[in-house]
Amino acid sequence: MTTAAETRNWLELPLDVTASILSRIGAIEILNSAQNVCSLWRNICKDPLMWRSIDMHNLGDLWDMDYDLAKMCVHAVDRSCGHLLDINVEYFGTDALLLHISERSVHLKRLRIVSCYNISDEGLSTAALKLPFLEELEISYCSISKDALETIGRSCPLLKSFKFNVQGCRRFHLESDDEALAIAQTMPELRHLQLFGNKLTNDGLLAILNGCPHLEYLDLWQCFNVSLGGNLEKRCVERIKNLRRPNDSTHDYEFYTEVHDTGSSDEDYPSGISDIDFMSDDYDDYFEFSGDSDYDFGNGYDAVLFD
């Protein structure tokens, strides 16, 4: 029979250990539940250093639970008090949210946006201008053109890792080197480049090899317009330490990788959400980010206050 002395008391853990445990569960769980467990955990969750990294990972299914992920993200960024270095936003990002992140996080080094259909070229470009220390950027399954890529390259001179991923398509063999040329002309310090499903051709690949002399990792998964052979293949093998070819296995790729046999259009993408109306700085520190709550602050944003 377990005695009281043998029962673990989580409140007796050193603060740094508790903070480490809480940091591993992700921003959504911290804001929605963990911070409400006790006053000690609330105080730890208010520490700006807890928010140097914000992971808003989700599977796009939290809308059914009535979570306001944009509002949660704003609150997390504000809690960082300018210490934010790394943020991951999936499915709910907008131009307004991205602008808020960039204005509050000038020292940001890593930005990941996935399936954020309401982020535009203009919104991403405006944010990039405010992120001169950005070193790693991932844009996966978003509608972004070469114009934004050029602005990113010119505005983020420290960029060393870039992932730009779209859905592969075999049937129409659409070819375009616009994005490859934008990368080649504006991102000379790249060491790591992933271009899943891109429409670049051998010419675009050659431009990247010429424009990115420090490149060590190159991922060309499902870039079906690239035909490696001859001198181009030899140059890739000699230059690139880790090369993934268009038809290599995608077993360790984190996203769904079925190749589309038909074209796509803007109608294929979900509508997403509209821009958010941000909270004022004097809102209370503690929020419940769900529909059932005790106080209504307008614009559909509810909050529960904690003593």
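Just so you know, these numbers use all the heavy atoms, side chains as well, and skip hydrogens, waters and symmetry mates. All residue numbers refer to positions in the sequence shown, counting from 1.
- For E138 and S140, the side-chain atoms include at least one donor-acceptor pair closer than 3.5 Å.
- N32 places no side-chain N or O within 3.5 Å of a backbone atom of I28 that could act as its donor or acceptor partner.
- Between L228 and C236, the shortest heavy-atom contact is CD2-SG, 4.1 Å.
- I240 is connected to L190 through a chain of hydrophobic side-chain contacts under 4.5 Å among Ile, Leu, Val, Met, Phe, Trp and Tyr, so both are in one cluster.
- Using modelled atom types and a 3.5 Å distance limit, the side chains of H192 and D219 yield no donor-acceptor pair.
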Problem set entry | Residue pair I152, T186: steps toward the side chain to side chain contact (heavy atoms under 4.5 Å, CB included) verdict | CA-CA 8 Å; I152 291 168; T186 65; over 6 Å; no

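- Of all non-hydrogen atoms in A128 and S155, the two that sit nearest each other are O-CB, 3.4 Å.
- Between L97 and I101, the closest side-chain pair of non-hydrogen atoms falls below 4.5 Å.
- With rounding to the nearest 0.5 angstrom, the CZ atom of R239 is 9.5 Å from the NE2 atom of H214.
- Looking at F92 and N118, their side chains never come closer than 4.5 Å, going by heavy atoms from C-beta outward.
- With hydrogens and angles ignored, the 3.5 Å screen pairs a side-chain donor or acceptor of D95 with a backbone N or O of S120.
- A148 approaches S125 most closely through the heavy-atom pair CA-OG, 3.5 Å.
- At a threshold of 4.0 Å, the pair R112-E90 counts as salt-bridged, since one of the basic side-chain nitrogens sits closer than that to a carboxylate oxygen.
- Under a 3.5 Å cut-off, the side chain of N225 and the backbone N or O of K199 do form a donor-acceptor pair.
- Remark: E233 CD is packed, more than 12 non-hydrogen atoms of other residues, nucleotides or ligands lying under 6.0 Å away.
- In this structure a side-chain-to-backbone donor-acceptor pair under 3.5 Å is present from D248 to R245.
- For R52, the CZ atom is loosely surrounded, since the number of other residues' heavy atoms within 6.0 Å does not exceed 12.
- Taking CG of L218 as the reference point, atom CG of N242 lies at 9.0 Å (rounded to 0.5 Å).
- In terms of heavy-atom proximity, C223 sits nearest to L195 at SG-O, 2.7 Å.
- For D147 (side chain) and D121 (main-chain N/O), no donor-acceptor pair under 3.5 Å exists by modelled atom type.
- Taking the six-membered ring where the residue is Trp, W221 and F196 present perpendicular rings, their angle passing 60° and hence far from 30°.
- In this structure, L215 and I208 have side chains that are in contact, with non-hydrogen atoms separated by less than 4.5 Å.
- Judged by distance alone, with hydrogens and angles left aside, the side-chain atoms of S23 form a donor-acceptor pair with the main-chain N or O of S20 at under 3.5 Å.
- Looking at D55, its side chain never comes within 3.5 Å of a backbone N or O of A27 through a donor-acceptor pair.
- Judged by distance alone, the side chain of R110 and the main-chain N or O of L137 form no donor-acceptor pair under 3.5 Å.
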Problem set entry | Step-by-step side chain to side chain contact (heavy atoms under 4.5 Å, CB included) determination, I113 to N88 | CA-CA 6 Å; I113 54 176; N88 171 36; over 6 Å; no

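- To the nearest 0.5 Å, atoms CD1 (I87) and OG (S102) are separated by 10.5 Å.
- D177 and T201 share a side-chain donor-acceptor pair at under 3.5 Å.
- Using a 4.5 Å heavy-atom cutoff, the side chains of L85 and L108 are not in contact.
- For the pair E135 and F133, the minimum side-chain heavy-atom distance is 4.5 Å or more.
- Between the CG atom in L232 and the CZ atom in R235 there is a gap of 8.5 Å [rounded to 0.5 Å].
- The side-chain heavy atoms of K130 and E103, taken from C-beta on, include a pair separated by under 4.5 Å.
- Here the side chains of L159 and E189 are not in contact, with every heavy-atom distance at 4.5 Å or above.
- Taking CG from L149 and CE from M187, the interatomic distance works out to 5.5 Å, rounded to the nearest 0.5 Å.
- Nearest heavy-atom pair, S105 versus L84, reported as atom, atom and distance to 0.1 Å: OG-CD2, 3.4 Å.
- Salt bridge status for K109 with D86: absent, with no side-chain N to carboxylate O gap under 4.0 Å.
- Note that NZ of K46 and CH2 of W51 are 12.5 Å apart. Values are rounded to the nearest 0.5 Å.
- The main-chain N or O of L31 is found under 3.5 Å from a side-chain atom of Q35 such that the two form a donor-acceptor pair.
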Problem set entry | Test side chain to side chain contact (heavy atoms under 4.5 Å, CB included) applied to E179 and S145, step by step | CA-CA 7 Å; E179 295 154 353; S145 77; 5.8 Å; no

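- Note on L243: it clusters hydrophobically with I183, by side-chain heavy-atom contacts below 4.5 Å among ILVMFWY residues.
- When hydrophobic clusters are built by joining Ile, Leu, Val, Met, Phe, Trp and Tyr residues whose side-chain heavy atoms come closer than 4.5 Å, directly or via intermediates, L158 is not grouped with V106.
- By the rule that hydrophobic residues join a cluster once side-chain heavy atoms approach within less than 4.5 Å of another member, L181 and L200 end up as members of separate clusters.
- Here the side chains of C116 and T94 are not in contact, with every heavy-atom distance at 4.5 Å or above.
- Between E150 and A182, the shortest heavy-atom contact is CG-CB, 3.6 Å.
- Y253 and V114 fall within the same hydrophobic cluster, where Ile, Leu, Val, Met, Phe, Trp and Tyr residues are linked whenever their side-chain heavy atoms come under 4.5 Å apart, directly or through other members.
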For this session: Could you go through the side chain to side chain contact (heavy atoms under 4.5 Å, CB included) check for C142 and Y117 one step at a time?
Result: CA-CA 5 Å; C142 303; Y117 310 109; 5.9 Å; no

